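Source: prediction; values computed, not measured. Order of appearance sets the numbers: ligands from 1, and atoms from 1 within every ligand.
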Amino acid sequence: MIVSLCSDAAAISELAASRVADLLRARPTAVLGLPTGRTPIQMYAELVRMHKEEGLDFSQATSFNLDEFVGIGPDHPGSYHAYMAEHLFNHVNLPAQRAHLLDGLASDLDAECDRYEVSIVDAGGLDLQILGIGANGHIGFNEPADGLSARTHRVALLPESREGNAVFFGGRVADVPREALSMGMGTILKARRILLLATGAGKRDAIEAAVRGPVTTRVPASFLQLHPSVEILCDNDAAAGLR
Ligand code: GLP
């Protein structure tokens, strides 16, 4: 596990975008695992800039998003479908049929999770999984619990995770769905490389526990210690517990 300290969120975003761009240039057919949340917004903006100004090409790439809320569709402004369209997909040349997201309106949610797992395998697996981290140490929506799911699954969101997402629902926690579908820990850990982005003092404890703490289901991100190729990009505030 490598921790790269960056001066601020802008520097993290530029470095993260350069990691993606380097991969796409070396391997145009790369399979990307993509996160949502506030943290990666600037990284996506930088990727859009690189596409428009430097010709960064997504035309042969494939993406799989980490998670999606249950019970809302792609047209809902709080959905991760809408987030990805707004921040990346509407602005780059990634073919829509290869930009995969979970369907939170699927009539059979378990079958939808199984379908997603198969799709990732059929695509050749994830070359690079980019992650944010919840203040409670979640990755994707793998919430702290007595046990974690290995595969893509349906999950009940903890109150703090619903609060963290209220910003995407007009600030109204009550409007944030109570459930989500998420890649599992095994799905994430099978990625060939993992890049985790963390900014701000609110992530300090989660980063300290993920990097220094024991591997525990109570801090899902701590399982990243078991992966052979993880880079964590932190600003000073998020890394403060590592000094
Ligand atoms: C969200 C997402 C996570 C994300 C995390 C942090 O709920 N499901 O994938 O990493 O919470 O979000 P933020 O970057 O807004 O702090």
Side-chain angles (χ1 to χ4, degrees), residues 6 8-10 12-13 16-17 32-46 63-72 76-84 86-88 100-102 104 113 116 126 128-145 148-149 152-173 175-185 187-189 191 194-207 209-210 219-224 230-235 237-239:
C6 300
D8 55 20
I12 287 178
S13 304
L32 305 171
L34 299 178
T36 49
R38 287 154 295 187
T39 311
I41 288 175
Q42 275 185 272
M43 173 194 74
Y44 289 130
E46 175 64 5
S63 70
F64 288 90
N65 263 81
L66 270 169
D67 44 18
E68 179 57 289
F69 294 107
V70 166
I72 60 175
H76 191 294
S79 72
Y80 289 159
H81 277 79
Y83 171 107
M84 291 306 299
E86 178 186 350
H87 294 294
L88 186 67
H100 301 271
L101 284 105
L102 285 148
C113 292
Y116 209 63
L126 302 165
L128 175 64
Q129 175 65 59
I130 305 166
L131 298 170
I133 185 169
N136 65 6
H138 75 213
I139 48 177
F141 269 134
N142 293 279
E143 297 279 37
L148 299 173
S149 298
T152 302
H153 61 288
R154 183 176 183 171
V155 59
L157 300 178
L158 293 176
E160 60 263 33
S161 295
R162 294 181 64 227
E163 278 161 29
N165 276 275
V167 63
F168 300 112
F169 291 82
R172 293 178 299 274
V173 181
D175 289 351
V176 180
R178 294 179 180 279
E179 289 184 297
L181 304 180
S182 176
M183 283 187 193
M185 294 301 299
T187 327
I188 293 168
L189 291 171
I194 294 175
L195 184 64
L196 185 148
L197 320 182
T199 58
K203 303 296 169 67
R204 174 200 156 125
D205 292 349
I207 288 296
V219 183
S222 66
F223 278 76
L224 298 175
V230 175
E231 183 179 13
I232 300 182
L233 308 186
C234 282
D235 66 6
D237 288 339

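With values rounded to the nearest 0.5 angstrom, Phe223 atom CZ is found 9.5 Å from Ile139 atom CD1. Ile188 contributes atom CD1, which lies 5.0 Å from atom CG of Asn142 (distance to the nearest 0.5 angstrom). For the atom pair Ile41 CD1 and Leu88 CG, the distance stands at 12.0 Å (nearest 0.5 Å).
Under a 3.5 Å cut-off, the side chain of Glu143 and the backbone N or O of Leu157 do not form any donor-acceptor pair.
Interface atoms of ligand 1 facing Tyr80, defined by a heavy-atom separation under 4.0 Å, are 1 (C), 2 (C), 7 (O), 8 (N). Taking every heavy atom of His138 and a limit of under 4.0 angstrom, the matching atoms of ligand 1 come to 1 (C), 3 (C), 5 (C), 7 (O), 11 (O). Within ligand 1, the atoms closer than 4.0 Å to a non-hydrogen atom of Phe141 are 7 (O), 8 (N), numbered from 1 in the order shown. The Ile133 neighbourhood of ligand 1 comprises atoms 6 (C), 10 (O), with distances under 4.0 Å to a heavy atom of that residue. Residue Thr39 approaches ligand 1 through these ligand atoms, each under 4.0 Å from one of its heavy atoms: 13 (P), 14 (O), 16 (O).
Every residue two or more places apart in sequence or in another chain that forms a ring-ring contact (aromatic ring centres under 6.0 Å, His included) with His138 is listed here: Phe141. Remark: Val70 pairs with Leu109, Glu179, Leu181 by the side-chain contact (heavy atoms from CB on, under 4.5 Å) rule, at least two apart or across chains.
Protein heavy atom in closest approach to atom 12 (O) of ligand 1: Gly37 CA, 3.9 Å. Looking only at protein heavy atoms, the nearest one to atom 16 (O) of ligand 1 is Lys203 NZ, 2.6 Å. Nearest protein neighbour of atom 4 (C) of ligand 1, counting heavy atoms only, is Thr36 O, 4.0 Å.
Taking each of Gly132, Ala135, Gly140 in turn, the one with a heavy atom nearest to atom 9 (O) of ligand 1 proves to be Gly140. For atom 8 (N) of ligand 1, the nearest non-hydrogen atom from the set Ile139, Asp67, Leu131 comes from Asp67.
By the criterion of a heavy-atom distance under 4.0 Å, the side chain of Asn165, and not its backbone, is placed next to ligand 1.
Using a 4.5 Å heavy-atom cutoff, the side chains of Leu66 and Tyr80 are not in contact.
Between Phe169 and His76, the ring planes are tilted. Angles from 30° to 60° get that label.
Taking distance alone, with nitrogen or oxygen atoms compared against 3.5 Å, Pro40 stays at or beyond that limit from ligand 1.
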